[in-house]
Structures are given as structure tokens and as C-alpha cells.
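Data first, discussion second: the structure below is written as C-alpha cells.
The first residue of the sequence shown is numbered 1, and numbering continues consecutively from there.
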Amino acid sequence: MRDLRDVLLVDGYNMIGGWPELAALSQAGMQEARDRLLDLLADYQAYSGRRVIAVFDAYRVPGLGRSFVQGKVQVYFTKEKETADECIERLVGEYSHRRRQIYVATSDSTEQHVIFAQGALRVSARELRLEVEEMQREVKKTIEPRNTRSSRHTLEDKLPPEVRSRLEDWRRQ
């Protein structure tokens, strides 16, 4: 079965540099910042329904040209002498013929002029951060106990918050 979801391609190091909380984490260690970004993107993917692909320049990490899935997010480390921008351009070419909308989250808009000319839509680091924060607020609202009393009790109202939280984690997996 073909996957017809919209695709969000994320330039990983651009997002880490563009999000203050991730930039602060990167000072302690890039792996921690990458893991936190991938966790946020996995949650975003579960909530938005978009397929999320994160691309990192491999010159910062051993294992050039590696690809794997972490938390349902496809992760690419570029090949030797390939930049994240070039990898994203290649991926846009692969996904564009499948009749889906492609979004590219990057702060290098001038580097990506070719893919934007092909119809991909740009999402800035700030815009993606705001979308992720909005998604977190929406998820939190659904997990938190309801403050209003209703005459009809639902199963959700009867579950303790930690059980609802665990169920929400399972839903995202």
C-alpha cells in the first residue's frame, strides 16, 4: 500500500541551531540535542499525520550515509561529501512524483531554491517550533483531567492521569 501522507523534510542541524532549547542542549552534547529533536518530531508526526524525515550532515557523526528509523521518524545521515541540502533535494525528487505535499523545514532557504521552485513548501525553524509547541498544548489538553463536571461520565474521565499518559504514548508508537 502506498503512503500518500504529506512529507516534512527537516534539516536537523538547522533546527537544533534555530530552537533555543535545542541549541542549549547542543552545548552539552550534540547527541542529546539530536535525540530531543527526534523525540519532538516523533510526537509531531503522530499528531500531524505527516511523514517526518530528519536529515543530518554526517560530517559530525561517524557512519556516513546511514539511514534508520527512530520513534517512527526516518533519520538520514548524509553520504560523504553530501550536504543536508543536497540530500533533501534528492529526497524531494524521490517523493514529489507521488502526489503529496512536501514541506521542507530549513533556515537555508537560499540553498534550497531548486526544491522550492519544484513546488516544495518552506517551513522556517521558528514556524516548525511554533507548530510543535501548539501540538504539545493540544495533546496536553487531551491528557489532562477535565475540570468541567458533566452528567455523563466517560471512561477517559475515570482513568488516572498516568494511565491516560501511557495510553497516549502507546498511541504515538
Is the shortest heavy-atom distance from the side chain of Gln74 to the side chain of Phe68 under 4.5 Å?
no

Work out which heavy atom in Ile102 is nearest to a heavy atom in Val92; give both atom names and the distance.
CD1-O, 3.8 Å

Residue pair Val10 / Val55, side-chain heavy-atom distance below 4.5 Å:
no

Check: Leu128 and Met15 side chains under 4.5 Å, non-hydrogen atoms
yes

Decide yes or no for Arg126 and Trp19: does some side-chain heavy atom of the first lie under 4.5 Å from some side-chain heavy atom of the second?
no

Return the set of residues passing side-chain contact (heavy atoms from CB on, under 4.5 Å) with Glu133 (not counting sequence neighbours), or none when no residue passes.
Arg129, Leu130, Gln136, Arg137

Is the distance between the ring centroids of Tyr76 and Phe56 under 6.0 Å?
no

Using the test side chain to side chain donor-acceptor pair (under 3.5 Å), find all partners of Ser48 that sit at least two apart in sequence or belong to another chain.
none

Sub-4.5 Å side-chain heavy-atom contact between Arg36 and Leu22
yes

side-chain contact (heavy atoms from CB on, under 4.5 Å) against Asp169, all qualifying residues, sequence neighbours excluded
Ser165, Arg172

Using a strict 4.0 Å threshold on nitrogen-to-oxygen distance, state whether Arg90 and Glu94 make a salt bridge.
yes

Who pairs with Ala42 by side-chain contact (heavy atoms from CB on, under 4.5 Å), at least two apart in sequence or on another chain?
Val73

What residues form a side-chain contact (heavy atoms from CB on, under 4.5 Å) with Tyr47, not counting sequence neighbours?
Met135, Glu138, Val139

Taking all heavy atoms of Leu37 and all of Gly12, pick out the closest pair and write down the distance.
CD2-O, 3.6 Å

Distance under 6.0 Å and angle within 45° of the ring axis: does Arg50 meet both against Tyr103?
yes

Side chain to side chain donor-acceptor pair (under 3.5 Å) involving Glu32 - partner list, sequence neighbours excluded
none

Check whether any side-chain heavy atom of Arg122 sits under 4.5 Å from a side-chain heavy atom of Ile115, and report yes or no.
no

